[in-house]
Amino acid sequence: MVTDLQIARKVVSLNPATGEILRQFDAATDTDVYAAVADARAAQPAWNALGVRKRVSILREFQRLLHEKKSEVAALITREAGKPMVEALLTEVMVVLDATRFCVENAFDFLREQPVTHGNLAMKTKSGRILREPHGVIGIISPWNYPFSIPATESLSALVTGNAVVLKPSELTSLNALQLASLLHQAGVPKDIFQVVVGDGSAGSALLHAPIDKLVFTGSVGTGKRIAQVAAARLLPVVLELGGKDPMLVLGDADVDVASSGAVWGSFVNCGQACLSVERCYVHRSLYAAFLNACVKKTKCLRVGDGMDPETEIGPLIDERQLRNVEMHVEDARAQGARVLTGGKRLPQLGPNFYAPTVLADVSHAMHIMREETFGPVLPVMPFDTDDEAIRLANDSAYGLAASIWTQDRARGEALARRIHAGTVMVNDAVACFGISEAPHSGVKASGMGRTHGRFGMEEMVRIKYVDSDRLPGLK
Ligand code: NAD
């Protein structure tokens with residue numbers, strides 16, 4: 001039901017490094033959102049009927065265009081989301097180029113009908129097959145932290161499997177979603193098959209209530225829970241990719257130089273605003289002091305600034321609200337006895353949303369910094385004595401998105417990986433799994449349900465239909 005008063009709300013796109021207004025939009029009303037879904041529904045059968053070969057050729061053209069315009073695309077990501085341009089290229093544009101490659105290479109085989117052999121002899125006169133059919137209209141609601149790669153990777157697997165998409169991007173990064181739409185449309189995706197509705201949470205709520213067939217949501221746990229309640233009432237299938245509090249375990253046999261570089265990169269990439277960021281670090285007591293020294297030394301060298309400056313390694317946080325959350329976590333830790341070894345303060349001389357990359361020692365699980373998502377440039381480090389203790393600490397969390405284990409013994413790392421409650425565990429790596437197109441991306445516990453990326457991500461975009469036919473005597 002359409003419930004709003006049709007008063008256009010404003011959505012403002014800002015440069016987080018400078019506060020400059022990039023553009024203002026009238027937010028989509030409920031009526032606009034419902035109209036987008038109706039148009040998508042009307043257009044979807046023809047898109048499905050085009051067939052996978054034609055859709056794949058359109059995706060190939062998208063890939064070509066994105067490659068050609070990669071610098072332009074990366075520059076807009078930097079201007080609207082703050083991350084350094086080289087990072088925008090690596091963690092957004094290249095991720096999407098490769099996700100397109102994955103769809104192009106795999107969609108045909110994925111959608112092929114699958115004959116089913118019946119083991120039961122009493123059923124031998126019947127033959128069955130599995131069909132993978134698109135849901136119809138997929139709603140996608142996305143966050144601001146990867147404003148291009150998250151909606152793009154999800155949309156590509158929805159589109160190639162024959163769905164229409166209505167995307168409600170974060171109100172902080174509307175321009176990047178519109179840039180994605182423009183590239184898809186130029187490549188040949190019909191306008192009604194991929195639409196963007198700009199707006200805040202109320203536009204997202206309208207999309208959730210509109211007659212979509214499935215919702216793929218990426219965002220915070222709080223919003224995810226609200227969405228799950230509404231979806232449950234109407235039995236709308238949902239994928240929820242939510243927050244994380246990813247642990248990093250540095251075992252006693254780890255190389256301190258390698259592990260400290262991993263920690264600094266894993267905590268500060270995208271200014272710590274990655275769902276897969278290293279959010280808490282546990283180090284074997286024998287390495288604790290050396291590891292902290294190495295992290296502090298490397299952190300002090302980082303160049304913080306406007307992402308458009310090629311010298312910059314760490315950009316700003318997205319906004320004041322995010323900055324306050326980081327400050328609150330650091331102040332709570334400090335008040336409870338944590339030592340701030342470097343950072344721990346705003347950098348107002350650089351612009352409105354800058355915070356110094358921070359390393360904390362002597363933290364504990366009584367502190368917010370070890371229990372709640374910080375989503376900022378903070379590396380809190382705590383010692384442990386045994387592998388069992390490290391696993392217990394890693395699993396002592398409401399979240400379960402990803403984790404990393406650092407060791408010179410891969411077999412030991414992989415054995416411990418099996419004991420961690422998480423959607424992904426990386427051995428001697430952090431964050432990077434998001435860029436592996438074949439790898440499923442998902443969380444357990446409060447980090448969500450369902451998955452995106454790879455073949456499992458494609459499975460979320462289709463309905464499984466079983467067709468059975470009996471070879472009745474006398475029939476062909
Ligand atoms: P958020 O939950 O505030 O917003 C996410 C999206 O939901 C936005 O588009 C927002 O407008 C919309 N929204 C807000 N209220 C809504 C409502 N009631 N109904 C429908 N839509 C609504 O999250 P955020 O601050 O944009 O993103 C940061 C969070 O996203 C972090 O917790 C981060 O860990 C998480 N995240 C998770 C993944 C993952 O893959 N698991 C990836 C990136 C970010």
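Keep in mind that the numbers below use all heavy atoms, side chains included, and drop hydrogens, waters and symmetry copies. Whatever order the structure lists them in is the order used to number ligands and atoms, beginning at 1. Here the structure is a predicted model, which means the values were calculated and not measured.
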> Using heavy atoms and a threshold below 4.0 Å, how should the contact between Leu401 and ligand 1 be classified: side chain, backbone, both, or neither?
Replying inline: side chain
> In the protein, which heavy atom is nearest to atom 32 (O) of ligand 1, and how far is it?
Replying inline: Glu373 OE1, 2.6 Å
>> Just to confirm my output: which protein heavy-atom neighbour is closest to atom 23 (O) of ligand 1, and how far is it?
In response: Ser220 N, 3.4 Å
>> Within ligand 1, which atoms have a heavy atom of Trp144 less than 4.0 Å away?
In response: 24 (P), 25 (O), 26 (O), 27 (O)
>> So which atom in Leu175 and which in Ser13 form the shortest heavy-atom distance, rounded to 0.1 Å?
In response: CD1-OG, 3.4 Å
> Looking at atom 36 (N) of ligand 1, what's its closest protein heavy atom, distance included?
Replying inline: Cys275 CB, 3.7 Å
> Do Lys345 and Thr358 get their side chains close enough for a donor-acceptor pair, meaning under 3.5 Å?
Replying inline: no
> In terms of atom number and element, which parts of ligand 1 are under 4.0 angstrom from non-hydrogen atoms of Glu241?
Replying inline: 37 (C), 38 (C), 39 (C), 40 (O), 41 (N)
>> salt bridge (Lys or Arg N to Asp or Glu O under 4.0 Å) for Glu313 and Arg303? Distances and angles first, verdict last.
In response: CA-CA 5 Å; Glu313 289 160 313; Arg303 290 164 298 197; 3.3 Å; yes
> Mind checking whether Phe217 has a heavy atom under 4.0 Å from ligand 1?
Replying inline: yes
>> Below 4.0 Å, non-hydrogen atoms only: which portion of Ile150 touches ligand 1? Side chain, backbone, both or neither.
In response: side chain
>> Among all protein heavy atoms in this structure, tell me which lies nearest to atom 17 (C) of ligand 1, with the distance rounded to 0.1 Å.
In response: Gly201 O, 3.7 Å
>> With a heavy-atom distance limit of 4.0 Å, tell me whether Ser142 approaches ligand 1 through its side chain, its backbone, both, or neither.
In response: backbone
>> Can you name the atoms of ligand 1, numbered from 1 with element, that are less than 4.0 Å from a heavy atom of Pro169?
In response: 9 (O)
> Which value, rounded to the nearest 0.5 Å, describes the distance between Cys281 atom SG and Leu379 atom CG?
Replying inline: 5.5 Å
> Measuring from Arg41:CZ to Asp39:CG, what's the distance to the nearest 0.5 Å?
Replying inline: 11.5 Å
> Is Arg463 paired with Glu133 through a side-chain N to carboxylate O contact shorter than 4.0 Å?
Replying inline: no
> Hey, are Glu327 and Arg334 close enough for a salt bridge, meaning a charged N less than 4.0 Å from a carboxylate O?
Replying inline: no
>> Test: ring-ring contact (aromatic ring centres under 6.0 Å, His included). Region: residues 420-457. Which pairs qualify, not counting sequence neighbours?
In response: Phe434-His441, Phe434-His453, His441-His453
>> Looking only at protein heavy atoms, which one is nearest to atom 33 (C) of ligand 1, and what is the separation?
In response: Phe375 CZ, 3.4 Å
> Using heavy atoms and a threshold below 4.0 Å, how should the contact between Ala274 and ligand 1 be classified: side chain, backbone, both, or neither?
Replying inline: neither
> Looking at atom 19 (N) of ligand 1, what's its closest protein heavy atom, distance included?
Replying inline: Ser205 N, 3.5 Å
> For atom 29 (C) of ligand 1, which candidate among Pro143, Gly219, Ala402 provides the closest heavy atom?
Replying inline: Gly219
> Are a donor atom and an acceptor atom from the side chains of Gln273 and Ser277 found within less than 3.5 Å of each other?
Replying inline: no
>> Counting non-hydrogen protein atoms only, what is the nearest one to atom 37 (C) of ligand 1? Give residue, atom name and distance.
In response: Leu242 O, 3.2 Å
>> Between ligand 1 and Asn145, is the shortest N or O to N or O distance under 3.5 Å?
In response: no
> Any idea which atoms of ligand 1 are less than 4.0 Å away from a heavy-atom of Lys168?
Replying inline: 8 (C), 9 (O), 10 (C), 11 (O)
> Is it the side chain (CB and beyond), the backbone, both or neither of Tyr146 that lies under 4.0 Å from ligand 1, heavy atoms counted?
Replying inline: neither
> So which of Ala27, Ser149, Pro147, Gly204 gets nearest to atom 21 (N) of ligand 1, if we judge by its closest heavy atom?
Replying inline: Gly204
> Has the side chain of Glu279 got a donor or acceptor atom that lies under 3.5 Å from a matching backbone atom of Phe375?
Replying inline: yes
>> When you measure from the heavy atoms of Leu208 to every atom of ligand 1, does any distance fall below 4.0 Å?
In response: no
> Any chance the rings of Phe384 and His365 have centres within less than 6.0 Å?
Replying inline: no
> So, the side chain of Arg79 versus the backbone of Leu22: is there a donor-acceptor pair under 3.5 Å, distance only?
Replying inline: no
> Which protein heavy atom lies closest to atom 22 (C) of ligand 1, and at what distance to 0.1 Å?
Replying inline: Thr223 CG2, 3.5 Å
> Can you tell me how far the CG atom of Asn145 sits from the OG1 atom of Thr91, to the nearest 0.5 Å?
Replying inline: 9.5 Å
> For atom 12 (C) of ligand 1, which of Val11, Asp246, Ile141 has the closest heavy atom?
Replying inline: Ile141
> Contact between Ser170 and ligand 1, counting heavy atoms under 4.0 Å?
Replying inline: yes
> Which of these, Arg132, Lys214, Arg451, sits in a salt bridge (Lys or Arg N to Asp or Glu O under 4.0 Å) with Glu459?
Replying inline: Arg132
